[in-house]
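Let me begin by presenting the structure, written as structure tokens, before commenting on it.
Whatever order the structure lists them in is the order used to number ligands and atoms, beginning at 1. For reference, positions follow the sequence shown, starting with 1.
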Amino acid sequence: MSDEVHKVAIMGSGPAGLTAAIYAARANLSPVCIEGGDIASKTDLPGGQLMLTTEVENFPGFPEGILGPELMERFRKQAERFGTQFVQGRVVEADLSKRPFTLEVHNTLEDTRSQVRCHALIVATGASAKYLGLPKEQELLGKGVTTCATCDGAFFRNKHVVVVGGGDSAMEEALFLTRYAHTVTVVHRRETFRASKIMVERAKDNPKIQWKLNRAIVDMEPDGRYLKAIELAGTEADQGARERLEIGPDGGLFVAIGHSPNSVVFGDQLALHDNGYIKIFDGTSRTSVEGVFASGDIHDHVYRQAITAAGAGCKAAIDAERWLEQQGL
Ligand code: NAP
């Protein structure tokens, strides 16, 4: 184990983590950013959720829009320019019981482990896609079931795909998938949407998109390669209804029902809300452990935007800098 103790370590390389890195680096704190994700994966890349999106139209400064991965590349370059050191891998153990804090990092590409020690820690680990929890769902992942239209949409050229969910992600995925699929059916458990009006309108205006509202997916039928059919059941407003939706041959199911915070690695060391998001205090990024700060989707279950995450990353870096100064570090 190296004796080096970093002033600040940042966990996560999405908009929150990389903005924290830019601010910490410009404050001469020589931050180390543990990127997270899995470079070999398709759905959990370092760089956070924007790595899985296409066009980002609402990030200020890009009037023509920008591709999510390109935006994250620019964040990263800016953090690098001011001296951020990047560590590939994800934190698999964290000891916050004593300072300096110790993080055990697993490099998934090389299958090696290393330790990072730090005086201050900024947690920007974000959130990951949720699943429906159906028995066959996990075994069919990558075989017809996916959470990422950008990654897998092209496999469903001229096929029928289903998107489940009623939020902005579901609308965005459905619209994106119309580039490939001949039909996109949105299955949503209610009649009203959590998604913004503009996104719902765009989806409703698209002739390739069909709707199954007040319906839940209760089963799916593989056809060897991908999916043949899915089984729908009526929800509260339409109980008792049962329907088989034929989507084969080689149909797909895109699960877009929201995200859960990536806070498991901390166990009970940090105070969490009931839904697993990290608690922060007094309008700052301070957590229940002194010297640990949280920013981005890991604490924000309300706004969850790239721009709010970036703002939170800035706050966390300033909070960490002031705290280190108070400690004489
Ligand atoms: P979300 O807003 O939480 O929506 C999740 C949707 O999935 C809801 O419609 C929910 O239904 C449904 N759902 C949840 N659990 C389910 C289950 N077990 N079975 C069936 N349906 C289920 O999540 P999101 O769409 O991922 O969006 C997250 C945040 O990112 C939001 O703030 C959103 O505005 C933002 N976002 C923005 C953009 C954009 O601006 N372009 C794009 C993507 C995301 P109920 O409504 O019935 O709860």
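Among all non-hydrogen protein atoms, the one lying nearest atom 37 (C) of ligand 1 is Asp168 CB, 3.6 Å. Distance from atom 13 (N) of ligand 1 to its nearest protein heavy atom, with residue and atom name: Ile257 CB, 3.6 Å. Atom 1 (P) of ligand 1 has its closest protein heavy atom at Arg194 CD, 3.8 Å. Looking at atom 3 (O) of ligand 1, its nearest protein heavy atom turns out to be Arg304 NH2, 3.5 Å. For atom 27 (O) of ligand 1, the closest heavy atom belonging to the protein is Ser169 OG, 3.6 Å. Among protein heavy atoms, atom 20 (C) of ligand 1 sits closest to Arg189 CD, 3.8 Å. Annotation: atom 40 (O) of ligand 1 to nearest protein heavy atom, Asn58 ND2, 3.3 Å. Residue, atom and distance of the protein heavy atom nearest to atom 23 (O) of ligand 1 are Gly258 CA, 3.6 Å.
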Verdict with supporting geometry, Arg90 and Asp38, side-chain contact (heavy atoms from CB on, under 4.5 Å): CA-CA 8 Å; Arg90 69 167 91 242; Asp38 178 354; 3.6 Å; yes
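Contacts between His188 and ligand 1, counted as non-hydrogen atom pairs separated by less than 4.0 Å, involve the side chain only. When non-hydrogen atoms are compared, ligand 1 lies under 4.0 Å from neither the backbone nor the side chain of Lys130. Neither the backbone nor the side chain of Ile217 has a heavy atom within less than 4.0 Å of ligand 1.
No donor-acceptor pair closer than 3.5 Å links the side chain of Lys212 to the backbone N or O of His188. Thr146 places no side-chain N or O within donor-acceptor distance of the main-chain N or O of Gly142, the cut-off being under 3.5 Å. Proximity of a side-chain donor or acceptor of Gln49 to a complementary backbone N or O of Ser128 within less than 3.5 Å is not detected.
Less than 4.0 angstrom separates some heavy atom of Glu172 from each of these atoms of ligand 1: 41 (N), 42 (C). Ligand 1 places these atoms under 4.0 Å from at least one heavy atom of Tyr303: 32 (O). Near His259, the atoms of ligand 1 lying under 4.0 angstrom from a non-hydrogen atom of the residue are 26 (O). Applying the 4.0 Å criterion to heavy atoms of Gly166 picks out, from ligand 1, the atoms 6 (C), 7 (O), 8 (C), 9 (O).
Here the OG1-CD1 distance, from Thr84 to Ile22, works out to 7.5 Å after rounding to the nearest 0.5 Å.
Between Leu132 and ligand 1, no N or O atom pair is found at a separation short of 3.5 Å.
Not a single heavy atom of Phe193 sits less than 4.0 Å from an atom of ligand 1.
Under the salt bridge (charged side-chain N to carboxylate O under 4.0 Å, His left out) criterion, Arg76 pairs with Glu35, Glu80, sequence neighbours left out.
The environment of Lys136 atom NZ is dense: over 12 non-hydrogen atoms of other residues, nucleotides or ligands sit within 6.0 angstrom. Around atom CZ of Arg81, no more than 12 heavy atoms belonging to other residues, nucleotides or ligands sit under 6.0 Å away.
Under the 4.0 Å criterion applied to side-chain N and carboxylate O atoms, Arg74 and Glu70 are assigned as salt-bridge partners.
Aromatic ring orientation, Phe293 versus Trp323: perpendicular (interplanar angle above 60°, classes split at 30° and 60°).
Between the side chains of Asn262 and Thr125, no donor N or O sits under 3.5 Å from an acceptor N or O.
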